[in-house]
Amino acid sequence: GPSRAMSPAEKEGYPPQARPAQGATSADAAADASVGGRRTDAGGDPSDHETLQSAVTAALRKELLSLWSDMDPASISVALVDLIAAHLAPPLLLRLLDTASKRLPALLRGVGPSSSLPEIAARSVHGCGSPKSHGELLDELRGFLGSHDLLAELPEARAALKRDVAAKLQMSHPWQRWLCGGCALLLPIGTVLGLCTTLAPAFMAAGTLANGGAAAGGRVGEDSDGDAGQPDKDEPPQAGAPQNLAAARRYRRRIFALEQELIARERAEKERVAHEKKERDQVNQRLMIVNLLLEAKLKARSEELRCAGQQTVEAQRSLDDVRGQLADRQKEVTQLRYQVGQDTSVRQDALMREQEHSRALLRTAARESVMRQRNLRRAEKLRRCAEGGEAAAELIRDETPDSEQVNLLIEQIEAEFEAHVSRRKEMQESVVRDFEERIDRKRCEYREVCNKLQEVTAQCSYQKEVRSMEGMGLSS
């Protein structure tokens, strides 16, 4: 196609569509401070540090703080970010140096994590190097960081982060997916651009300082002299010019890196979505199980409450019935007590009347016996008087018996009768007790004889079995 003039972004190594938009995100805004990737915010330039290791750690720390502040600013913790950066920065720097050394071996010869960095005033926009080398290094770093898992092949670092960081964060924090969930840690595009624009000048400055300032200055002079013989940058270059071919190669590499990054991010997004779906399914399954358990428990409790209510109603009814029956029984007992009292009084009255009647009978019998004896004596006296043995005057002088003497005699007879009855009763009771004692002794003797008989029977049966077994053994 027709040739066109290269834009300043293309000269710096940016594809036109890959130029970070100003104000897009906090990380993009931090990356767009200058052409060489220098940060202008206070205290945030990692190249202010003395070594390349400290520069990478500071840059990674700042990007992680920016990511956390965008996700959840209320829970941000600088101490936890420092721990994460301390675990991730050393292996990341080694891999970045390996990747950059393959692209620019001459420039980064002898550069390591402990390589020193020059002062800020002594650095150029491109880290004391040529813009071409700076652009190539930017492309290489972007392509690597765009699809690189920071926790890949680092089980010790993952375990340390899970122990020291994940335990202090809430389980709803988004970083828990790669802290303790096993997911890949892929940086967003804005964070990748910020890191690349910050670390590329630092790498080039460290390489220039490590390889000697004079030689680097000579190479820079050669690049500038070579640029002097070329057409003016403001003039459109001819078709097939070396600048267009190099830019096309860079664009193709950049497109390939972006495609790889897109594929990796799509894969990571699918894995994240699948993981989240799996977690949601597991949570929903657990919730369903808990719901079923709670429903079963609720049904059981409801059934228990219903049965308890029925039992309470039945118990209340039975209690009312028992109270009614108790009231009826109390009424019957009161009536029976009244009747028993009446019967007792009647029996006592009857007993007293019977005793009086028996006493009257005894008195009558005593009087009859006394009158019979008196009549017999009188008849005997009259017979003697008739025979002339005694005078009639003696018969007349015979006094009639006194009623008091008769009563005393009756009482004496009653006392003797009661004493006789009591003695007979005591004799009868003693005879009954003696008979019961003899019966008890006979029962004990009968039990002992039965026990002995059972023992003898068991012994005889055992002996019979033994004899039968001995006979069977002899016969066999």
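Just the heavy atoms: all of them, side chains too, but no hydrogens, waters or symmetry mates, feed the values below. One-based numbering along the sequence shown. Here the structure is a predicted model, which is why all the values come from computation and not from measurement.
- With sequence neighbours left out, the salt bridge (charged side-chain N to carboxylate O under 4.0 Å, His left out) criterion links Asp98 to Lys102.
- Counting only heavy atoms from C-beta outward, the side chains of Arg158 and Lys162 never approach each other to under 4.5 Å.
- Contacts classified as side-chain hydrogen bond (donor to acceptor under 3.5 Å, both in side chains) and involving residues 148-157 (residues at least two apart or in different chains) are given here: Arg95-His148.
- Using a 4.0 Å cut-off between a side-chain N of Lys or Arg and a carboxylate O of Asp or Glu, Glu271 and Arg267 do not qualify as a salt bridge.
- Rounding to the nearest 0.5 Å gives a distance of 5.5 Å between CG of Leu169 and CG of Leu80.
- Counted within 6.0 Å of CD on Glu332, heavy atoms from surrounding residues, nucleotides or ligands total more than 12; the atom is thus considered enclosed.
- Side chain to side chain, Glu279 and His275 meet the donor-acceptor criterion of an N or O pair below 3.5 Å.
- Leu88 is listed as a side-chain neighbour of Leu161, based on a closest heavy-atom distance under 4.5 Å.
- Within 6.0 Å of CD in Gln310 there are more than 12 heavy atoms belonging to other residues, nucleotides or ligands.
- Screening Leu60, Leu154, Thr57 against Leu92 for a side chain to side chain contact (heavy atoms under 4.5 Å, CB included) leaves a single residue, Leu60.
- Atom CZ of residue Arg61 and atom CG of residue Leu64 lie 10.0 Å apart, to the nearest 0.5 angstrom.
- Listed by chain and number, the residues in a side chain to side chain donor-acceptor pair (under 3.5 Å) with Ser101 amount to none (sequence neighbours excluded).
- Residues Cys183 and Leu151 have side chains not in contact (no heavy-atom distance under 4.5 Å, counting atoms from C-beta outward).
- Two residues are said to be in side-chain contact when any heavy atoms from C-beta on lie closer than 4.5 Å; Leu67 and Thr191 meet this criterion.
- In the displayed structure, Gln170 atom CD is contacted under 6.0 Å by at most 12 heavy atoms of other residues, nucleotides or ligands.
- Using bins of under 30°, 30° to 60° and over 60° for the plane-to-plane angle, the ring pair Trp68/His173 lands in the perpendicular bin.
- One side chain, Ser54 or Thr51, offers a donor N or O that lies under 3.5 Å from an acceptor on the other.
- Classification of Arg142 and Asp139 as a salt-bridged pair holds, one side-chain N sitting under 4.0 Å from a carboxylate O.
- Side-chain atoms of Leu138 and His134, non-hydrogen and from C-beta on, do get closer than 4.5 Å to each other.
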After noting the C-alpha distance and the side-chain angles of Cys196 and Leu145, does the key distance pass the side-chain contact (heavy atoms from CB on, under 4.5 Å) rule? CA-CA 8 Å; Cys196 292; Leu145 288 177; 3.9 Å; yes
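- For Arg306, the CZ atom counts as densely surrounded, since its 6.0 Å shell holds more than 12 non-hydrogen atoms of other residues, nucleotides or ligands.
- Annotation: side chain of Phe203 is in contact with side chain of Leu93 (closest heavy-atom distance under 4.5 Å).
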